[in-house]
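By convention in this document, chain letters (A, B, ...) are assigned in the order of the sequence lines, proteins followed by strands, and residues within each chain are numbered from 1. Owing to the predicted nature of the structure, the values given are computational and were not obtained by experimental measurement. We use all heavy atoms of the structure for the numbers below, so side chains are in, but hydrogens, waters and symmetry mates are not.
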2 protein chains.
Amino acid sequence: MTIGHSERGVARTRTIMQAALALAQEAGYAKLSIEAVAARAGVGKHTIYRRWPSKGLLFLDSLLSLNEPGLDYPDTGDVLADLRRQIHSAVDLLGNPPWGPLYRALVGEAQHDPAVAAALNERFIRPQTDKTIARLKAAQEQGQISRGFDLDLVMAVLSGPMYFSLLITQEPISHDYVDRVLEALFAGMSPRH
Amino acid sequence: MTIGHSERGVARTRTIMQAALALAQEAGYAKLSIEAVAARAGVGKHTIYRRWPSKGLLFLDSLLSLNEPGLDYPDTGDVLADLRRQIHSAVDLLGNPPWGPLYRALVGEAQHDPAVAAALNERFIRPQTDKTIARLKAAQEQGQISRGFDLDLVMAVLSGPMYFSLLITQEPISHDYVDRVLEALFAGMSPRH
DNA sequence: CCCTATCGACACGGCACGTGCCGTATTGAC
DNA sequence: GTCAATACGGCACGTGCCGTGTCGATAGGG
């Protein structure tokens with residue numbers, strides 16, 4: 001998405017993304033407009049349109065630029081503890097300001113704009129999924145996780161409940177809540193085991 | 001939301017909602033405008049604004065009117081089979097046209113508009129949750145489900161994975177996929193049991 | 001040092017918003 | 001059956017933002 005080759009160019013790009021983030025935090029993504037971003041950044045509208053084709057993709061770039069390193073996985077050897085630590089981190093990031101409300105808005109935008117949905121998947125969800133699967137695969141080979149467990153489902157099963165709470169019921173997600181969900185998942189629902 | 005007391009009033013209300021649904025299916029929710037709905041319904045804009053305060057809430061009413069009875073639970077005595085049947089129904093409804101794309105748009109709108117989020121919860125999610133908890137509570141008392149299982153989490157744990165697939169990865173959700181998720185949930189992830 | 005791509009500023013037509021106003025049609029109270 | 005109140009369709013308005021076009025200024029690479 002970023003075009004700027006020259007030093008001035010990348011500086012402008014960064015300025016625009018920062019302006020977009022600032023405005024989104026202050027007034028909410030719903031009220032974000034390209035014109036307002038341009039004014040805030042002290043930039044012509046063309047300079048924005050030259051870099052991003054839509055408000056949604058500008059916003060996605062802006063938001064991801066806030067957490068470049070991504071959510072990395074610890075590997076202490078204890079997969080359960082690692083998983084718990086990682087989900088706690090994810091929930092802390094995605095569930096609280098400044099990311100929380102902005103991330104919710106981004107997912108909302110993805111429901112209206114296929115380009116945003118695709119980019120969100122490729123740039124954020126997929127890498128996250130890959131890391132998770134890699135970590136669990138290692139654990140599976142060490143026998144810490146049932147061999148029969150379908151790792152392709154793991155993101156949906158592990159992250160789904162958190163996304164449900166974030167996007168649908170919109171209840172705050174505490175570490176305790178995460179722990180209870182994990183316990184439910186690992187214990188299973190069936191009686192006697 | 002509906003004000004119309006007189007016969008003419010309720011007829012207008014229905015006409016407007018049908019126009020909104022038709023337009024949303026044809027052009028997508030993103031391109032839906034109050035003006036277009038008014039024109040399609042052969043109605044003045046005031047007549048819409050008198051009934052609904054926002055596009056989102058009009059759309060929510062319209063969509064819910066498509067499935068008034070809601071998703072009811074079977075009770076055959078076998079909770080696992082019932083659960084499976086119910087989730088299959090839910091996935092068939094929420095994951096396919098005409099509901100599927102419209103429901104995704106509604107959830108997207110809920111991320112931008114707190115009023116829509118609240119109404120979606122109260123009018124659709126909450127009733128669904130209550131039915132699910134009631135059914136599982138009965139099963140729990142019959143020992144078909146572990147006594148320790150936290151029923152307050154049940155919607156997040158059971159529905160979360162489907163919502164993740166619907167809203168985030170946007171992959172189609174087959175019955176087979178549902179079954180694999182349920183199997184993963186009931187079997188748990190931990191080895192040996 | 002000049003050439004060219006990029007820039008900020010401004011203006012434009014277009015669309016949809018939400019709100020008035022008007023004259024008409026329907027409704028409910030009496 | 002009459003009549004006042006209400007709801008209605010149609011129209012127009014001012015506003016905000018869209019995405020594009022056109023300037024002259026600017027700045028960085030060859």
On the nucleotide [N], are OP1 or OP2 found under 4.0 Å from the side-chain N or O atoms that [X] carries?
X: B:R51; N: D:dA7; answer: no
X: A:R8; N: D:dG28; answer: no
X: B:T47; N: D:dG9; answer: yes

Are B:Y103 and B:Y29 an aromatic pair by the rule of ring centers under 6.0 Å?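 When the ring centroids of B:Y103 and B:Y29 are compared, they turn out to be at least 6.0 Å apart.
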Would you please test B:L57 and B:S54 for side chain to side chain contact (heavy atoms under 4.5 Å, CB included) and show each step? CA-CA 6 Å; B:L57 289 175; B:S54 71; 3.7 Å; yes
Between B:K55 and B:D113, does at least one N-O distance fall below 4.0 Å, as a salt bridge requires?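 No, this pair does not count.
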Cationic N near anionic O, under 4.0 Å, A:E26 to A:R40: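 Salt bridge between A:E26 and A:R40, a charged N being under 4.0 Å from a carboxylate O: yes.
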For nucleotides 12-24 of chain C, read 5' to 3', which letter fits each nucleotide if B means a protein heavy atom sits under 4.0 Å from the base, S means only the sugar-phosphate is that close, and - means neither? ----SBBBBB---
Ring geometry between B:Y163 and A:F164 (parallel below 30°, tilted from 30 to 60°, perpendicular above 60°):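 Perpendicular: the ring planes of A:F164 and B:Y163 meet at over 60°.
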Can you measure B:R40 atom CZ to D:dG9 atom C1' for me and round it to whole angstrom units?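 After rounding, the reported distance stands at 18 Å.
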Looking just at side-chain N and O atoms, do B:R51 and B:T13 make a donor-acceptor pair shorter than 3.5 Å?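 A pair is found: one side chain offers a donor N or O, the other an acceptor, under 3.5 Å apart.
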